[in-house]
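Take a look at the structure set out below.
In what follows, every chain begins at residue 1, and chains take the letters A, B, ... in the order their sequences are listed.
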Amino acid sequence: MKKKKWPEAWHEVNPGCIVFAPANAREYHTGSWKAQRPIWDDSKCIKCGICYIFCPEGCVTQQEDGTFRADLDYCKGCGICAHECWPGAITMIEEG
Amino acid sequence: MNIIENFDLYAPRLVDKKEYLCSGHRACQGCGEVLGLRLMCKALGPDVVIANATGCMEIISSMYPSTAWEVPWIHVAFENAAAVGSGVEAGLKALRRKGKIADRDVKVVGVAGDGGTMDIGLQALSGAMERGHDMLFVCLDNEAYMNTGIQRSSGTPMGASTTTSPAGKVSSGQKTWKKNVPEIMVAHGVSYVATACPSYPLDFINKVKKAMKVKGPSYIHCFTVCPTGWRSPSEMTIKLGRLVVETGIFPLYEVEDGKYRMTVEVDQLRPIEDYMKPQGRYRHLTPDQIEIIQDRVYQEYNKLQDKINGLHAWSDLQYEWGLFD
């Protein structure tokens, strides 16, 4: 049987309501909250990592070529990365 | 470009890439508090036990049946984050003495919001600091009880509008000044006290790392922006954190064994209108009221400058008098 991420019925709740695994909030995708999404212009990017350090979600990661991308499964579209990126490599566009 | 020449610019890339507070937590868009918590966890690393008081950070990170934590974490009631932290520290010490756990350094960290530190948890914090437990206490100060719907706390600054200090015909927001908790902690004789802001991430990470190395109690007061409670745009979070330092409302300093040191120097203080304008909670203030707050900010800032420049620190005096040689 596949191991469950969290209890799905009342009899699966263990005493003390202890969670099944650490950091299983990753299974909960907050990306559906966003109204805007960040778009990177790699020609302007200087690969400084400001967007990575200031992301409250921790969803911006560095790729193999050194540029950065947000994991849109978790990005809530706050716009901090676009506001703080001083070369102006990030723009926010409307979802949909 | 040379990376060494532009060290400060490229330094974010040198920060630990591992996330100890994972994505998928339910903080509001642009939350400054969870950013502070994330950077704190990065600085602390894996060998840590966190006791977290009730508040935004507990609610958003541990919504049953999921948890965002990768490190040992306890949720405790509003008032006793520091008490539980000191108990964990004593327990670890006892287990280590009996040989039941490996002999390695595990830091105990108490985390609470401004309500859990300044109002409800102050006696527990005072006790833990006075007993000298080897723990770090981090206050994530967003200047009101944001979790329950923006009620005033003793960390709310003068003039700010909250649901229990509303601005209207009779009242013009909060009527009292902000409680200076870092100064209370200095008065306890805590060996390391610092103020920090996640808008200066490397400064914040350095302070947490320094506090970790201290054997004994240490306290970090972290100023965090709350776009929901302050009625400010979510993308302004980092900018507001920078403005609060540049206007001198919340100067970043550290106190090591009684010695004050400014960690982020500001050449010329900006007028506080720059900081207040983007925030809806200060919208009702008249120029006269802003003038009063501005005077107070200068007064507090000068008081701090006097402590840094003019006075002998306690540890200097001890050396000069030679009492303990």
(request) Tell me, for B/Pro227 versus chain A, whether the close heavy atoms (under 4.5 Å) come from the side chain, the backbone, both or neither. (result) neither

(message) Distance check, rounded to the nearest 0.5 Å: B/Ser23 atom OG versus A/Asp73 atom CG?
(response) 9.5 Å

(message) Testing the basics here: between A/Pro56 and B/Cys31, what is the closest heavy-atom pair and its distance to 0.1 Å?
(response) CB-O, 3.5 Å

(message) Can you tell me if B/Lys239 has over 12 outside heavy atoms packed within less than 6.0 Å of its NZ?
(response) no

(message) Is it the case that over 12 heavy atoms from other parts of the model lie below 6.0 angstrom from the NZ atom of B/Lys100?
(response) no

(request) Check for a donor-acceptor pair, side chain of B/Gln29 on one end and backbone N or O of A/Lys76 on the other, with a separation under 3.5 Å. (result) yes

(request) Heavy-atom distances under 4.5 Å only: say whether B/Leu37 touches chain A with side chain, backbone, both or neither. (result) neither

(request) Please tell me if the side chains of B/Arg38 and A/Glu57 come closer than 4.5 Å, counting only heavy atoms from C-beta onward. (result) no

(message) For the backbone of A/Thr30 and the side chain of B/Arg26, can you confirm whether one donor and one acceptor N or O come within less than 3.5 Å of each other?
(response) no

(request) Check the pair A/Arg26 / B/Glu70 against salt bridge (charged side-chain N to carboxylate O under 4.0 Å, His left out), numbers first and verdict last. (result) CA-CA 11 Å; A/Arg26 279 211 181 86; B/Glu70 298 220 21; 3.3 Å; yes

(request) Using atom types as modelled and distance alone, determine if a side-chain donor or acceptor of B/Ser234 lies under 3.5 Å from a backbone N or O of A/Cys78. (result) yes

(message) Sub-4.5 Å heavy-atom contacts with chain B: which residues of residues 14-21 of chain A show up?
(response) A/Cys17, A/Val19, A/Ala21

(request) Please report the C-alpha distance between A/Phe54 and B/Leu39 in whole Å, then the side-chain angles of each, then the deciding distance to 0.1 Å, and finally whether the side-chain contact (heavy atoms from CB on, under 4.5 Å) criterion is met. (result) CA-CA 9 Å; A/Phe54 281 143; B/Leu39 295 175; 5.8 Å; no

(request) Please indicate whether B/Asp105 has more than 12 foreign heavy atoms, meaning atoms of other residues, nucleotides or ligands, lying under 6.0 Å from its CG. (result) no

(message) Taking every non-hydrogen pair under 4.5 Å, which of B/Leu21, B/Val15, B/Ile238, B/Val71 racks up the most with chain A?
(response) B/Ile238

(message) side-chain contact (heavy atoms from CB on, under 4.5 Å) for A/Gln62 and B/Lys17? Distances and angles first, verdict last.
(response) CA-CA 9 Å; A/Gln62 193 166 21; B/Lys17 288 279 190 296; 3.9 Å; yes

(request) Run the salt-bridge test on A/Glu84 and B/Arg242 with the 4.0 Å N-O cut-off and return the result as yes or no. (result) yes

(request) Identify which of A/Cys81, A/Gly58, A/Gly79, A/Pro7 forms the greatest number of heavy-atom pairs closer than 4.5 Å to chain B. (result) A/Gly58

(message) Contact between A/Val13 and B/Tyr64 at the side-chain level, heavy atoms closer than 4.5 Å - yes or no?
(response) yes

(request) Sort out for me which of A/Tyr74, A/Trp6, A/Tyr52 touches chain B most, counting heavy-atom pairs under 4.5 Å. (result) A/Tyr52

(request) Hey, could you give me the CD1/CG distance between A/Ile53 and B/Leu202, rounded to the nearest 0.5 Å? (result) 6.0 Å

(request) Sort B/Ser199 into side chain, backbone, both or neither according to what part of it lies under 4.5 angstrom from a heavy atom of chain A. (result) backbone

